[in-house]
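Below is one structure, written out as structure tokens, with a few remarks after it.
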Amino acid sequence: MAYWILRSEPDVYGWDDLVRDGSTEWNGVRNYTARNFLKDMVPGDQAIFYHSNIQKAAVGIMEITRAWQPDGDDGKWASVEVKALQPLAKPVPLPEIKAEPRLKDLEMVRQSRLSVTPVRPEEWAVLLEMSGTAPDRQGRSARGSTCRASS
């Protein structure tokens with residue numbers, strides 16, 4: 001299983017929208033590097049939902065439920081389907097992420113313009129720790145909290 005950060009502006013499509021919808025198509029990504037990361041995702045991978053621009057904080061955990069498919073009129077872009085798993089126990093704001101030495105190599109910090117970035121397992125654990133969200137025995141986020149979204 002791989003880990004990711006997917007960023008969206010909360011006034012366009014935020015965590016509360018995903019919780020309401022249960023699942024969504026993560027589409028509209030128009031950067032080649034971010035597109036390639038979407039193509040690397042497989043069902044079962046997990047992703048942090050990050051609010052960009054306004055709140056600038058990690059707020060929830062999603063699961064990738066379908067591998068990539070072509071997106072856009074020309075089909076050269078990619079999208080994946082995601083579902084809400086659970087909110088983070090507390091949001092993790094960008095200044096705290098940047099101040100944490102164990103996250104100095106986090107791709108989201110290093111490549112701040114990308115809306116899709118990978119997260120190393122040790123970084124995932126740090127982000128969960130900072131949010132007060134307990135991992136399960138496999139290092140994933142613990143499921144079964146507030147946000148049981150249907151597929």
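Every heavy atom of this structure was used, including side-chain atoms; hydrogens, water molecules and symmetry mates were not.
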Residues two or more places apart in sequence or in another chain: which of them pass side-chain hydrogen bond (donor to acceptor under 3.5 Å, both in side chains) with [X]?
X	result
Asp17	Arg20
Arg30	Asp71
Glu122	none
Ser52	none

Can you tell me which residue among Ile97, Leu103, Val119 is in a side-chain contact (heavy atoms from CB on, under 4.5 Å) with Met108?
Ile97

Linking Ile, Leu, Val, Met, Phe, Trp and Tyr through side-chain heavy atoms less than 4.5 Å apart, which residues share a cluster with Tyr32?
Trp77

Identify the two heavy atoms, one from [X] and one from [Y], that lie closest to each other, and give their separation to 0.1 Å.
X	Y	answer
Pro70	Gly75	CB-O, 3.7 Å
Ile54	Pro10	CB-CG, 4.0 Å
Ala78	Lys39	CB-CG, 4.0 Å
Arg110	Asp105	CD-O, 3.4 Å
Ala34	Ser115	CB-OG, 4.3 Å
Glu100	Val126	CG-CG1, 3.8 Å

With the side chain counted from C-beta on, respond yes when Ser79 and Gln69 share a heavy-atom pair under 4.5 Å apart, and no when they do not.
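Yes - at least one pair of side-chain heavy atoms lies under 4.5 Å apart.
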
Those residues that, when tested against [X], pass salt bridge (Lys or Arg N to Asp or Glu O under 4.0 Å) (two or more places apart):
X	result
Asp45	none
Arg120	Glu107, Glu123
Glu81	none
Asp40	none

Are Val82 and Val42 linked, directly or through intermediate hydrophobic residues, by side-chain heavy-atom contacts shorter than 4.5 Å (ILVMFWY only)?
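Different clusters.
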
Taking atom [atom1] of [X] and atom [atom2] of [Y], what is their separation to the nearest 0.5 Å?
X	Y	atom1	atom2	result
Ser23	Ile64	OG	CD1	11.5 Å
Lys83	Leu18	NZ	CG	11.0 Å
Tyr50	Leu127	OH	CG	10.5 Å
Leu128	Gln46	CG	CD	8.0 Å
Ile61	Ser131	CD1	OG	6.5 Å
Ile5	Trp124	CD1	CH2	8.0 Å

Phe49: partners by ring-ring contact (aromatic ring centres under 6.0 Å, His included), with sequence neighbours left out:
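By the ring-ring contact (aromatic ring centres under 6.0 Å, His included) rule, Phe49 matches Trp15, Trp26, His51.
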
Can you list everything that forms a ring-ring contact (aromatic ring centres under 6.0 Å, His included) with Trp68? Sequence neighbours excluded, please.
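Applying ring-ring contact (aromatic ring centres under 6.0 Å, His included) to Trp68 gives none.
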
For Asp73, look at atom CG and say whether over 12 heavy atoms of other residues, nucleotides or ligands are found less than 6.0 Å away.
no

So does Lys98 have more than 12 non-hydrogen atoms from other groups sitting under 6.0 Å from NZ?
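Result for NZ/Lys98: open.
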
Please check: side-chain N/O of Ser8 versus main-chain N/O of Gly14, any donor-acceptor pairing under 3.5 Å?
no

Tell me, with the steps shown, if Val92 and Ile48 meet side chain to side chain contact (heavy atoms under 4.5 Å, CB included).
CA-CA 11 Å; Val92 183; Ile48 297 274; over 6 Å; no

Show every salt bridge (charged side-chain N to carboxylate O under 4.0 Å, His left out) that has at least one partner inside residues 87-97, sequence neighbours left out.
Lys90-Glu96

Apply side chain to side chain contact (heavy atoms under 4.5 Å, CB included) to the pair Val116 and Leu6, showing each step before the final yes or no.
CA-CA 5 Å; Val116 179; Leu6 300 176; 3.6 Å; yes

